[in-house]
Amino acid sequence: MEISKNFDFKSAELKWYQHWMDNRHFESHPDGREPYTVVIPPPNVTGILHMGHCLNNTIQDILVRRARMMGKNACWVPGTDHASIATEAKVVQMLRERGIQKASLSRDEFLGYAWEWKEKYGGIILQQLKKLGCSLDWNRTSFTMDPDYYQSVIRVFNDLYQKGYIYRGKRMINWDPRAKTALSDEEVIFKEVQGKLYFLQYQLVDKEGNPIPLEQGGITIATVRPETILGDAAIAVNPTDERFSHLIGTYALVPLINRKIPIIGDDYVATDFGSGALKITPAHDMNDNQIGIKHGLAVYDILNEDGTLSADAILHVGKDRFEARKDIVEELKHAGHVVKIEEYVHQVGFSERTDVVVEPRLSLQWWVDMKKISGPALSAVNDGEVNFHPAKFKNLYRHWMENIKDWCISRQLWWGHRIPAWYDQEGRFVVAMDEAEAIAKFSSEHGINNPILKQDEDCLDTWFSSWLWPFEVFKGISNPGNKDVSYYYPTQTLVTAPEIIFFWVARMIMAGYEYMGQKPFGDVYFTGIVRDNLGRKMSKQLGNSPDLLNMIDEIGADAVRFGILIASPAGNDLLWDKASNEQGRNFINKLWNALKLIQLWKERAKDGLTPEEVTLSNDWPHRWFEARLRQVCTEVEQLMAQFKLSEALKTLYTLIWDDYCSWYLEWIKPGFEKPMDQQHLNRAIANFEILMERLHPFMPFVTEEIYNLLRDNQPTNLCVRQMDPGFVFNAADENILQEAALLKEAITAIRDARVKAQIKNKDAVSLFCTVKEKSLWTAIKELLCKQINARELTFTEEPVSDTIQLVLGADRFYIKTDQVLDTAAQRKELETELAYYQGFLNVVEKKLSNEKFVANAKQEVVDLERKKQADALAKIGLLQESLNNL
RNA sequence: GGAACAUUAGCUCAGUUGGUUUAGAGCAUUACUUUGACAGAGUAGGGGUCACUGGUUCGAGCCCAGUAUGUUCCACCA
């Protein structure tokens, strides 16, 4: 059968993915087998595939495919996340492009557009995962706003509220003035900003408001946000600060508006920063708020939700906060309050989603009391119920969980799960599953018939739905105890990015224990962050993120999978470079060429060759390779168990490239134009099949294609071939592996000697040797001669003159050739080697002559050194002898 | 400011409880080879005071202390 020159990945990818789908190989149903369940970290419904997804999903696919081939019932659940803020922002932008303002739409109209948009563009990313070869069970595709899922989120909210774990409270939150929504702490990114520190003097007044002359002590405060003085409620000083302590109990006037505020003492104030006196603005600073509560201060909320100044500010009402800052500085200068202005670098919080400066703001929001549900989740990770890979994330997790803060779950958005709380006109509220239930509840609680209630306008934080993902994809809440959730939950492995350990992983563990009574997954594998070859994070702004789909199109999915994985050390970020794709492509080419050779042999194969026709009369190379194969399979198994996927792939790469192609196929290769023995061929094919089997989870398309061609396109599926669990390394293999090491060493050394003596490959030589293990060398001498183009191998006890002499371990070889030998070069060669061993011997003997070493070291260590010494001495002896023979 | 982790060849990394030939791999690089699966190949070589300074030990890439650099997380003193 004609084989194409190269692997045609384009047609193979289409063909095999379709074939696997047609044969329903990715579908899973509960049965008697052990399940292996993985839920995909749901990408944003609006997302498109990038390098991070590529890494993450390649890893999941490897785990799932491998489990499928190891007799497990593998189930990988796909789906998408509604991603409230990100999606709403995209819809708003789409509307703006069409000339529609969100503010002009009703909630229902807006949601109509949003759903339309979601149906059209949502889920593109899932189609893209197919290109990568991901073996997801597409029948199970979930979306966090599917009707059942939506209901479950509402149910969980109701349940937590009833348990008293959810409350409504006015608290300082991070406010995004562009998105006009609250942000959780995790959604705020602090950046270093060059700003100015303004030193402002406040007039001191007595209790009645009469000015105290400045000579007796005005008070200077320092601030980076001068506009917030309009919200000042006090000035605080440290009670131990002698400069100011006498002022505690007196008053100051806020510049420009002349509000009388008290001067209070609080040891929170640092004496060595700024002026030593701190203005307190309870509505606009987290710490000031705490101090305000402590001292019972008034609250002046000077900002509107869009970041403009409110009526409470008195001045500059309606002006943007940054405009107001500029203007107020001018006014303060004018009025003589500015003492000095210093350049100042400080950290400012920015919104992760909109990148505007976040405003700490007092606001009425819904909260989850996390301490109530975090306990089991903390001990689960501490006690190894849930294992993190790499383990270093365990510390991070513990630290966060032990200092966990309440979770602000309301978001001022329309796209998402609407908060199931209903209010009457007086602001009294009930939490219920729906409006009817709300009305009933309200009536009975407040004794009002047919109350007029209005549902909360806000939505829940996206993560408040995705924390239910591992069980709600199996309808664990909407249909409790169903067959699927009982079978598949808890899932086995979660593969995700370390950035969302708190957003998502921790919360899933909490929800798992709270609602299923057990952990959501046994292992969490944290992938690294994909960076470019300069170490920069890949991002749209930098434009350093390659177009993944283009790449797959250009070089093939298998090469891309290989490329990203080989560059991905366990537990580290990976610096990805296009060159690693090329390594993948070269590897595929190597596989393809091995296939071509096998196919060529198939055409020339004959049964029952005469002994003269069979190149190898014994099966030594097969026995060796099969031992090596078992050894590597065991290694790979161990590496996979530790989630060292990259190393597992490297190990297979070496096995295939070096052991199978470079050694094994060469060893069984018949002479030029000689027929191939069918028995040999069969074993080579069987071994090739096992290689493809073990490689398949990593590179599914090319392996499936080769496997089918090896079987001459009989209907087979590598995809669901079952790995033999008994195919593991055993001690009996050790012997032949060592023999092979000797043989390889001899071949390499003799080839090297030939090259150095400039003996052409086609010129045959004669080989003589003095060896210890004569029986071994007798068995493999034919093999050796073929590899180095020697006419024959003759055993001898005496030195052979006019030859190239080699010392290999305790054995010695003589290469006889018709060519004139360059004795000087040979001498140099031997002398270099001699010098090395003498140096080595020195080190060993130095050790052995150290009495303390001999006295203190373990006996086996000393024995080993003695053996090294003996070996080195023997080697030196042989080398010197060779030199003398020259 | 606090903490965690890292620092081994040009690059990316192994190096398992301190002794396993005077430190390994892949990629890159250099020289040579080359017509029978594969130049997208083969063979060989070069390249490292294992960040630095001390310490423990008969013995340190590995353990301890400190220093430097980097990454990440936490906090955010106005």
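Labels below follow one simple rule: chain letters A, B, ... track the order of the sequence lines, proteins then strands, and each chain is numbered from 1.
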Length of the CD-C1' vector between E860(A) and C58(B), whole Å: 16 Å
Given C73(B), G40(B), C38(B), the nucleotide with the shortest approach to the side chain of K590(A): C38(B)
d(CG, D658(A); C1', A44(B)) in whole Å: 15 Å
Sugar-phosphate, base or nothing in reach of R225(A), heavy atoms under 4.0 Å: nothing
K650(A) side chain, from C-beta outward: closest of C58(B), C13(B), A41(B): C13(B)
Closest to the K405(A) side chain, choosing from A78(B), A37(B), A75(B): A75(B)
Nearest-neighbour nucleotide for the R585(A) side chain, G40(B), C38(B), G15(B) considered: G40(B)
Closest heavy-atom pair and its distance - V224(A), H346(A): CG2-CE1, 3.6 Å
Sugar-phosphate, base or nothing in reach of D752(A), heavy atoms under 4.0 Å: sugar-phosphate
Identified side-chain contact (heavy atoms from CB on, under 4.5 Å) partner of I235(A) from the options L247(A), I261(A), I280(A): I261(A)
Sugar-phosphate only, base, or nothing, as touched by T748(A) at under 4.0 Å among non-hydrogen atoms: sugar-phosphate
Nearest-neighbour nucleotide for the Y836(A) side chain, U22(B), C58(B), A78(B) considered: U22(B)
Residue-phosphate contact under 4.0 Å: W400(A) side-chain N/O, A3(B) OP1/OP2: no
Any N589(A) side-chain N or O less than 4.0 Å from OP1/OP2 of G40(B): no
Minimum-distance nucleotide (side-chain atoms of C661(A) versus A37(B), G42(B), A78(B)): A37(B)
Pairing partner (Watson-Crick or G-U wobble, both distances under 3.5 angstrom) of G59(B): none
Sugar-phosphate only, base, or nothing, as touched by N6(A) at under 4.0 Å among non-hydrogen atoms: base
F587(A) ring center within less than 6.0 Å of Y653(A) ring center: yes
5′-ward residue of the pair E666(A)/G839(A) relative to RNA chain B: G839(A)
Closest to the K868(A) side chain, choosing from U20(B), C38(B), C13(B): U20(B)
Short side-chain N/O contact from K669(A) to OP1 or OP2 of A37(B), under 4.0 Å: yes
Short N-O contact, R225(A) and E359(A), less than 4.0 angstrom: yes
Rounded P spacing from G19(B) to G61(B) in Å: 10 Å
Atom-pair distance (CZ on F393(A); C1' on C5(B)), nearest Å: 9 Å
Counter-base of U72(B), judged by Watson-Crick or G-U geometry with both distances under 3.5 Å: A3(B)
Within the 6.0 Å centroid threshold, strictly below: F393(A) and F526(A): yes
Sugar-phosphate, base or nothing in reach of Q583(A), heavy atoms under 4.0 Å: sugar-phosphate
Sugar-phosphate, base or nothing in reach of L864(A), heavy atoms under 4.0 Å: sugar-phosphate
Touch class at under 4.0 angstrom, heavy-atom based, for Y653(A) against every strand present: sugar-phosphate
Sugar-phosphate, base or nothing in reach of K394(A), heavy atoms under 4.0 Å: nothing
Parallel, tilted or perpendicular: ring planes of W400(A) versus F502(A), cut at 30 and 60 degrees: parallel
For atom CE of M172(A) and atom P of C76(B), their distance in whole Å: 12 Å
Touch class at under 4.0 angstrom, heavy-atom based, for W576(A) against every strand present: nothing
Counter-base of A37(B), judged by Watson-Crick or G-U geometry with both distances under 3.5 Å: none
Under 3.5 Å on both distances, the Watson-Crick or G-U partner of A14(B): none
Salt bridge present between E342(A) and K196(A) (N-O < 4.0 angstrom): no
Approximate separation, where rounding is to 0.5 Å, of D232(A) CG and L200(A) CG: 9.0 Å
Contact under 4.0 Å: K602(A) side-chain N or O vs A37(B) OP1/OP2: no
Base-pairing mate for A65(B) - Watson-Crick or G-U, with both contacts under 3.5 Å: U53(B)
Touch class at under 4.0 angstrom, heavy-atom based, for V861(A) against every strand present: base
U29(B) versus G18(B) - spacing of their C1' atoms, nearest Å: 35 Å
Value in whole Å for how far the C1' atom of A78(B) lies from CG of L197(A): 8 Å
Nucleotide A3(B), atom C1' - distance to CE of M401(A) in whole Å: 19 Å
Who pairs with A9(B) - Watson-Crick or G-U, where each distance is under 3.5 Å: none
Sugar-phosphate only, base, or nothing, as touched by K279(A) at under 4.0 Å among non-hydrogen atoms: nothing
K392(A) vs A3(B): side-chain N/O to OP1/OP2 distance below 4.0 Å: no
